[in-house]
Number of protein chains: 2
Amino acid sequence: MQHVSPDSCPLAAPEPPSERSDAARNRLRILAAAQELFDTHGVESVSMDRIAAEAGVGKGTLFRRFGSKAGLAAALLDTQDSRLQERILFDPPPLGPDAPARDRILAFFDAYLDLVDDNLELLRLSETAAPGARYRIGSYGFWRVHLALMLREACPDLDADCTAHLLLAPLDSDLQHALRQGQFTPDRIRGTLLTLVKRVIAD
Amino acid sequence: MQHVSPDSCPLAAPEPPSERSDAARNRLRILAAAQELFDTHGVESVSMDRIAAEAGVGKGTLFRRFGSKAGLAAALLDTQDSRLQERILFDPPPLGPDAPARDRILAFFDAYLDLVDDNLELLRLSETAAPGARYRIGSYGFWRVHLALMLREACPDLDADCTAHLLLAPLDSDLQHALRQGQFTPDRIRGTLLTLVKRVIAD
DNA sequence: CCCGTAAACGGACTGCGGTCCGATTGGGGG
DNA sequence: CCCCCAATCGGACCGCAGTCCGTTTACGGG
């Protein structure tokens, strides 16, 4: 969920110490039920009780496994997050290695906005369920570290670590949601954000 | 709360249509009790029930008046918000009128960070109590409009309205809180943010 | 001074996210 | 094949934010 090592994805690769068969069955049931209910009724109006009922498990099982509603959302997002992380590590330029840092930064923002466009509701659930949740999620750490590395290379005179945090702020799902609710189209947001980032990382 | 017209501040100037005396008394009691409890026990661990009990009013009264826990926080912040709004409108340059737009933008970010330093917990409560709360609060609209006006003047080639939203994102109280929890000092955040803004609004 | 009414009051109530702990069950060792 | 125990299960339970509605009260007009 948070790193890219193989065992980091609880959905695709349960850890070797073997998961009991009923546990595995219930995990899949829960994820399927949650996906189904979220798609049908919208993320906001589906309660954890209902997910548990639909999955045919007890509430305790649901919470032991995913910790919170935000954790459940994070698990559902994990596939997409991991895919983007792998693309950053292995894809051809400009998103992957061997491109100038400035290009990789812009490509990252562009790719992340795709992810936002496709998963806004789930992102919002995972980031706003509890205060500070966004900054504790594993994938946030990945984006931050990647961006800081690129910034260090592209703009040695900036405080890369701190700037990385600040530059990620406009990607906040709650802001992106608010903008889309208002008069702003995804394309307009994308264009403006990329322009802004360009100016920050210009010589 | 949202504008600067005299009757916009529910604390300092109740609207002329006369407020019943018991209502006024209870409003003051609630605000005093909330301030006291927040200062003593921290914002997070004070429940609305407790505030109502401490103020000697029913829960219904509390919610009819302030709408939500976030609304209560907004009321407590109103004094500070209004003060900054007035300073922006009437103070001498560079924060007030008659300074170059670029200088006013930087002065605004600097002044807002002072407000953050002094009221982080309340800001966080008002902005994270419900998804999207930050962008519905009246004062957010003020900052956004002001910044957009200045941007239009300073950088005519930018999409001022959209850029204003994106530039305000790093001021999100939840991010500011997370940064301060981590390795970042207020001064470091301030310096980095001002540098970032400078780059965005550079020629 | 009293009375009618519109407004304010307040606590019981709901549904939520999240916790706890006794009951249940899977699966390796004897 | 059975037994045991650690891991899992599941629903009763908690405190919370927020709602509802019958009751009380302020106050302007008669």
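It should be emphasised that the depicted structure is a prediction, and the values quoted were computed from it without experimental measurement. Proteins come first, then strands; the chains are lettered A, B, ... in the order of their sequence lines, and each starts at number 1.
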Taking NZ, NE, NH1 and NH2 as the nitrogens, is one of them in A/Asp172 or B/Arg134 under 4.0 Å from a carboxylate oxygen of the other? no

Please report the distance, rounded to the nearest Å, between CD1 in A/Ile51 and C1' in C/dG18. 13 Å

Of the candidate nucleotides C/dG17, C/dC9, D/dA17, which contains the atom at the shortest distance from the side chain of B/Asn26? C/dC9

Check for a donor-acceptor pair, side chain of B/Arg104 on one end and backbone N or O of B/Gly96 on the other, with a separation under 3.5 Å.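 Between the backbone of B/Gly96 and the side chain of B/Arg104 there is a qualifying donor-acceptor contact (under 3.5 Å).
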
Determine yes or no for a side-chain-to-main-chain donor-acceptor pair under 3.5 angstrom, with B/Asp159 supplying the side chain and B/Cys162 the backbone. yes

Do the side-chain N or O atoms of A/Arg64 get closer than 4.0 angstrom to the phosphate oxygens (OP1, OP2) of D/dC9? yes

Side chain of A/Met48 (C-beta onward), nearest among D/dT8, C/dG17, D/dG18: C/dG17

For the backbone of A/Ala154 and the side chain of A/Arg102, can you confirm whether one donor and one acceptor N or O come within less than 3.5 Å of each other?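 Yes, A/Arg102 side chain to A/Ala154 backbone: donor-acceptor pair under 3.5 Å.
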
Using the side-chain heavy atoms of A/Ser68, tell me which of these nucleotides is nearest: C/dC16, D/dG10, C/dG18.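 The closest nucleotide is C/dG18.
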
Whole angstrom value for the distance that separates C1' of C/dA6 from CG of B/Asp22: 12 Å

Among C/dG27, C/dG18, D/dC9, which nucleotide has an atom closest to any side-chain atom of A/Thr61?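 Nearest listed nucleotide: D/dC9.
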
Rounded to whole angstroms, how far apart are CD on B/Glu19 and C1' on C/dC9? 14 Å

C/dT19 C1' sits how many Å from A/Asp49 CG, rounded? 13 Å

Whether over 12 other heavy atoms sit under 6.0 Å from A/Arg83 CZ: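 12 or below, so no.
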
Please tell me which of the listed nucleotides, D/dA26, C/dC9, D/dG18, lies nearest to the side chain of B/Ser21? D/dA26

Which nucleotide wins on minimum distance to the side chain of B/Ala23, given the candidates D/dG18, C/dC16, C/dA8? C/dA8

C/dC16 P sits how many Å from B/Lys69 NZ, rounded?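 These atoms are roughly 20 Å apart.
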
B/Lys59 side chain, from C-beta outward: closest of C/dA12, D/dC9, C/dG17: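 Closest nucleotide to the B/Lys59 side chain: C/dA12.
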
Let me know, please, whether B/Glu44 or B/Arg20 comes out on the 5' side of the other along DNA chain D by nearest nucleotide.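 Whichever sits nearer the 5' end wins; that is B/Glu44.
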
Nearest-nucleotide comparison on DNA chain C, the residue closer to the 5′ end among A/Gly60 and A/Val46: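 Residue closer to the 5' terminus by nearest nucleotide: A/Val46.
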
Interatomic distance where CZ belongs to A/Arg50 and C1' belongs to D/dG10 [whole Å]: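 After rounding, the reported distance stands at 20 Å.
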
Calculate the interatomic distance between A/Arg27 atom CZ and D/dG10 atom P; express it in whole Å.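 Between P of D/dG10 and CZ of A/Arg27: 16 Å.
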
Specify the residue among A/Arg65 and B/Phe63 whose closest nucleotide of DNA chain D lies further upstream toward the 5′ end.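 Nearest nucleotide further toward 5': that of A/Arg65.
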
